[in-house]
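Note sheet for the following structure.
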Amino acid sequence: MKPEVLQLSAILIPEILEELNAHYTVHRYYEQADKAEFLREHGANIRGVVTGGHTGISREVMEQLPKLEVIAVNGVGTDAVDLAYARDRGIHVTATVGALTEDVADLAIGLLIAACRGLCTGDRYVRAGLWKPTATPLAPLPLARQFSGMRVGIVGLGRVGRAVATRASAFGCPIRYTDLKAMDDVPYTFVPNLIELARESDALIVAAAADNAQGIINAAVLDALGKGGYLINIARGKLVNEPDLVAALVEGRIAGAGLDVFVDEPEVPPALFGQENVVLQPHRASATVQTRTRMGRMVLASLAATFAGQLPSARVTG
Ligand code: 8YV
């Protein structure tokens with residue numbers, strides 16, 4: 001009999017889905033109208049869970065899956081899984097560490113360039129037919145802010161933070177970073193204090209894990225970043241105090257932002273929709289065919305190893 005797997009978030013690569021369906025009896029939790037009833041009926045048979053980094057799995061659902069052996073996170077962040085509880089029960093939690101680093105770093109730089117160069121504003125301007133020889137000089141597009149050479153501050157110098165630093169360095173940007181401690185294998189300047197880092201940066205890029213941090217980018221940090229500063233978040237929405245960020249953007253206390261993640265996805269603060277100084281993405285940093293295929297393969301490998309009685313190599317639970 002095929003092992004039963006509960007899928008908590010969509011997988012968009014057909015070949016990965018085909019393989020998943022070929023080897024397992026897959027229940028798509030997000031398609032269940034009555035989730036409580038579904039868990040009562042099938043919870044006791046579920047041996048594996050596939051979920052996204054942001055989606056994770058609640059402890060309440062885990063408690064209704066007594067035979068659960070593995071939670072394969074199709075993402076790098078495991079902050080939405082209770083790892084301590086999983087360890088206590090001997091459930092492996094795996095993540096796609098390393099598979100999406102380049103894409104996430106690419107998007108961080110893309111968002112920063114889009115925000116400071118006004119790419120989306122320019123796109124809207126052209127589409128609206130406003131680019132005409134007769135366009136009134138009273139309402140021209142404002143000049144943009146140069147990206148090359150910007151002082152970039154990175155919050156969290158893990159895999160993604162380092163990949164962002166490599167890219168920004170190639171644009172001549174001096175790099176500073178903050179983390180729990182200084183790293184001796186990088187040529188970048190360590191700034192222990194986040195407010196200090198913001199004060200010394202033209203752009204702050206949030207690339208930290210969110211397991212133990214919440215709301216660290218608050219009004220004080222944003223005011224230190226200041227009127228000319230940009231905030232980029234490709235990590236987790238909850239790392240930012242969203243009301244503080246919205247206020248800073250609306251009041252022009254920072255220059256702009258590029259956001260791929262939000263506190264309560266897919267909810268986005270409506271106040272941001274009218275802000276020309278913000279570039280918004282629907283949590284798509286890892287959403288390329290190449291990366292999602294790599295991630296999907298890692299998820300399949302984690303399930304296969306677990307059900308073969310082996311330790312999955314991508315486990316983060318030790
Ligand atoms: C993914 C993420 O988009 O890696 C993560 O932790 O949040 C994202 O890169 C998500 O996990 C896709 O399911």
Side-chain angles (χ1 to χ4, degrees), residues 5-17 19-20 26-31 48-58 61 70-83 86 92-111 155-164 167 205-214 217 232-240 242 258-268 280-303 312 314-317:
V5 166
L6 189 62
Q7 188 185 342
L8 267 64
S9 66
I11 288 183
L12 301 175
I13 303 289
E15 71 191 64
I16 300 293
L17 266 183
E19 213 170 305
L20 192 67
V26 182
H27 304 275
R28 298 188 215 294
Y29 188 61
Y30 51 92
E31 286 175 359
V49 158
V50 174
T51 187
H54 176 78
T55 308
I57 182 171
S58 71
V61 172
V70 59
I71 298 169
V73 177
N74 189 29
V76 71
T78 51
D79 50 292
V81 180
D82 187 334
L83 293 181
H92 301 309
V93 179
T94 67
T96 61
V97 177
L100 42 70
T101 308
E102 312 302 332
D103 272 6
V104 179
D106 289 353
L107 193 78
I109 297 296
L111 280 173
V155 182
L157 203 69
R159 281 184 183 76
V160 170
R162 285 169 183 241
V164 169
R167 284 156 177 72
I205 300 184
V206 184
D211 300 71
N212 299 311
Q214 199 165 340
I217 307 293
I232 305 301
N233 190 3
I234 39 73
R236 281 286 182 269
K238 69 177 179 183
L239 290 167
V240 174
E242 220 162 55
L259 307 172
D260 185 46
V261 288
F262 303 87
V263 170
D264 185 23
E265 295 172 12
E267 299 301 319
V268 174
L280 302 169
Q281 283 287 298
H283 198 146
R284 264 170 73 79
S286 68
T288 67
V289 171
Q290 293 70 19
T291 287
R292 286 288 170 85
T293 304
R294 255 192 317 272
M295 290 163 67
R297 296 232 153 276
M298 289 179 79
V299 164
L300 290 170
S302 293
L303 296 177
R315 69 192 184 282
V316 298
T317 28

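In listed order, ligands and their atoms are each counted from 1.
The main-chain N or O of Val93 is found under 3.5 Å from a side-chain atom of Thr317 such that the two form a donor-acceptor pair.
Note that CG of Leu6 and CZ of Arg28 are 10.5 Å apart. Values are rounded to the nearest 0.5 Å.
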Where does ligand 1 get N/O contacts under 3.5 Å from the protein, atom by atom?
residue: ligand 1; atom: 3 (O); partner: Ser286; partner atom: OG; Å: 3.2
residue: ligand 1; atom: 3 (O); partner: Arg292; partner atom: NH2; Å: 3.0
residue: ligand 1; atom: 4 (O); partner: Val76; partner atom: N; Å: 2.7
residue: ligand 1; atom: 6 (O); partner: Val76; partner atom: N; Å: 3.3
residue: ligand 1; atom: 6 (O); partner: Gly77; partner atom: N; Å: 2.8
residue: ligand 1; atom: 6 (O); partner: Arg236; partner atom: NH2; Å: 2.8
residue: ligand 1; atom: 7 (O); partner: Arg236; partner atom: NH1; Å: 2.9
residue: ligand 1; atom: 7 (O); partner: Arg236; partner atom: NH2; Å: 3.4
residue: ligand 1; atom: 7 (O); partner: His283; partner atom: NE2; Å: 2.9
residue: ligand 1; atom: 9 (O); partner: Ser286; partner atom: OG; Å: 3.1
residue: ligand 1; atom: 11 (O); partner: Gly53; partner atom: N; Å: 2.6
residue: ligand 1; atom: 11 (O); partner: Asn74; partner atom: O; Å: 2.9
residue: ligand 1; atom: 13 (O); partner: Asn74; partner atom: O; Å: 3.2

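A side chain to side chain contact (heavy atoms under 4.5 Å, CB included) with Asp103 is found for exactly one of Val160, Ile234, Thr288, namely Thr288.
Using a 4.5 Å heavy-atom cutoff, the side chains of Val76 and Arg159 are not in contact.
Contact between Leu239 and Ala208 at its shortest, heavy atoms only, is CD1-O, 3.4 Å.
A salt bridge is defined here as a Lys NZ or Arg NE, NH1 or NH2 lying under 4.0 Å from an Asp or Glu carboxylate O, and Glu15 with Arg297 meets this definition.
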